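The structure appears below as C-alpha cells.
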Amino acid sequence: MMEFEDDEPYASNSELRYITLELMKIAEKKGTTFDEMASDYVRNTFTLKKLIEEKDSPERVLKTRKEPITHE
C-alpha cells in the first residue's frame, strides 16, 4: 500500500501534463488562450462534480451556470 501512495504524486503530475497539453492543443485550434480553455475546463469539472454529488438533473444545474459550456 505504501508503494501506491509514493507513486500518487507522479501519477497526478502525469495527468496534469496530459491535460495541459490537450488544453493547449484545443486553445490553439480554437484561436483562444490557454487561460480561457483552462477556465472552461475547471468550470466544467466543477459542474460535473456538482451533478454527481447532488444527483440533480443536468438541466437544473446548467440553468444556474453563468457561462456556457464550451465544446471542442
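Everything numeric in this text was worked out from a predicted model, so none of it was measured. For this chain, numbers begin at 1 and follow the sequence in order.
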**Request:** Applying side chain to side chain contact (heavy atoms under 4.5 Å, CB included), name anything that partners Glu36, two or more places apart in sequence or on another chain.
**Result:**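 Testing Glu36 for side chain to side chain contact (heavy atoms under 4.5 Å, CB included), a comparison that skips the adjacent residues, returns Thr32, Thr33.
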
**Complete:** Rounded to the nearest 0.5 angstrom, the CG-CG distance for Asp40 and Asn44 is 6.0 Å

**CZ/Phe46: more than 12 non-hydrogen atoms of other groups inside 6.0 Å** = no

Check residues 15-26 and write down every donor-acceptor pair under 3.5 Å in which the side-chain atom is one partner and the other belongs to a residue at least two apart or another chain.
residue : atom : partner : partner atom : Å
Thr20   : OG1  : Leu16   : O            : 2.7
Glu22   : OE2  : Lys25   : NZ           : 3.2

